[in-house]
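The block underneath contains the structure these notes are about, expressed in structure tokens.
Position 1 is the first residue of the sequence, and the numbers go up from there.
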Amino acid sequence: MRKSFMTKEELYNFIAKQKTAFLSSVNTQGFPVTRAMLAPRIIDGNDIYFSTNTSSKKVEQYLNNSKACLYFYERGRFKYRGATIIGNVEICTDQPTKNKVWHFGDRLFYKQGVTDPDYCVIKFTGIQAEYYCDFKIETIQLNV
């Protein structure tokens, strides 16, 4: 049996260091739509939290289809590493979750502050990941 070259914990440590995430949703025609997002606000077990606008197209898409994909990568001079995670999204508009994810600088985007109705949280729950490095791909089950 081959030894795993990336544990679940190492995967989440890798993700936590990335400044950009690529988040995909499914549109009403059934096609994937990918967007660049700022780094996750919180990583808590298999749950990864982002802030966004309630009025955004992606929120509408997730309310119709919760399936999602996240991608993170690190490109070095001689090495490329990437992680794809499939899972489901929950759109959180409850105040405790919004408070948990809020950063002081968010007021720049949400004039009414943490209670702004156009501020919500994307809670992504990972199911399975694929990690790529050095021409090797490893599948990591996250919900076990």
*asked:* Side chains of Y132 and Y73, heavy atoms from C-beta outward: is any pair under 4.5 Å?
replied: no
Q | Side-chain heavy-atom pair I43, I15 within 4.5 angstrom cut-off | A | yes
(message) For a quick check under 3.5 Å, do T52 and K58 share a side-chain donor-acceptor pair by atom type?
(response) yes
CD1 of I122 to OH of Y49, rounded to nearest 0.5 Å, is 13.0 Å
Closest non-hydrogen atoms of Y80 and G82, given as atom of the first, atom of the second and distance, are CE2-N, 4.2 Å
Point to revise | Criterion side-chain contact (heavy atoms from CB on, under 4.5 Å) on R81 and F14, from CA distance to verdict | key: CA-CA 9 Å; R81 303 187 315 153; F14 167 74; 2.8 Å; yes
Does some side-chain heavy atom of T20 sit less than 4.5 Å from a side-chain heavy atom of M37?
-> no
Next on the checklist: Is the ring pair W102/Y119 parallel, tilted or perpendicular, if the boundaries are 30 and 60 degrees?
Outcome noted: perpendicular
Notebook entry, point to check: Looking only at side chains, do R35 and S25 share a donor and an acceptor under 3.5 Å apart?
Noted result: yes
Can you confirm whether the side chains of N46 and T125 place a donor and an acceptor under 3.5 Å from each other?
no
Neighbour count above 12 (heavy atom, 6.0 Å) for L38 CG
no
### L70 and F124, any side-chain heavy atoms less than 4.5 Å apart
yes
Taking side chain as C-beta onward, heavy atoms only, is S51 less than 4.5 Å from V101?
yes
* **Side-chain donor or acceptor of N53 paired with backbone N/O of S56 under 3.5 Å** => no
Verify the cluster assignment for F72 and L23: are they in a single hydrophobic cluster under the rule of side-chain heavy atoms below 4.5 Å apart? yes
Tell me, do I48 and I85 make a side-chain contact under 4.5 Å, heavy atoms counted?
yes
Nearest heavy-atom contact between Y62 and A68 is CE2-CB, 3.7 Å
Short question: side chain of D94, backbone of T97 - any donor-acceptor pair under 3.5 Å? yes
Taken to the nearest 0.5 Å, the spacing of I140 CD1 from Q128 CD works out to 9.5 Å
Would the number of heavy atoms belonging to other residues, nucleotides or ligands and lying under 6.0 Å from CZ of F109 be above 12? no
- Would Q18 and E74 satisfy side-chain contact (heavy atoms from CB on, under 4.5 Å), going step by step from the backbone distance to the final call? CA-CA 7 Å; Q18 307 316 309; E74 177 182 79; 3.7 Å; yes
Between the OH atom in Y71 and the OG1 atom in T84, the distance rounded to the nearest 0.5 Å is 5.5 Å
**Prompt:** Can you tell me if NZ on K67 sees more than 12 non-hydrogen neighbours from other groups inside 6.0 Å?
**Reply:** no
Practice task
Take I127 and L142, measure what side-chain contact (heavy atoms from CB on, under 4.5 Å) needs, and give me the verdict at the end.
Solution key: CA-CA 5 Å; I127 298 170; L142 302 175; 5.9 Å; no
Of all heavy-atom pairs linking C92 and C120, the shortest is O-CB, 3.5 Å
Has D118 got a side-chain atom pairing as donor or acceptor with T54's backbone, closer than 3.5 angstrom? yes
So do V33 and S24 actually touch side chain to side chain, heavy atoms under 4.5 Å?
no
Residue pairs meeting side chain to side chain donor-acceptor pair (under 3.5 Å), one or both in residues 104-115, sequence neighbours left out, come to R41-D106
Under 3.5 Å side-chain donor-acceptor pair for N65 and Q61
no
Paired with K123, the side-chain contact (heavy atoms from CB on, under 4.5 Å) test is passed by just one of I91, I42, D47, D44, namely D47
Might you work through the side-chain contact (heavy atoms from CB on, under 4.5 Å) test for D116 and K98, ending with a clear yes or no?
CA-CA 10 Å; D116 193 315; K98 288 170 66 168; 5.8 Å; no
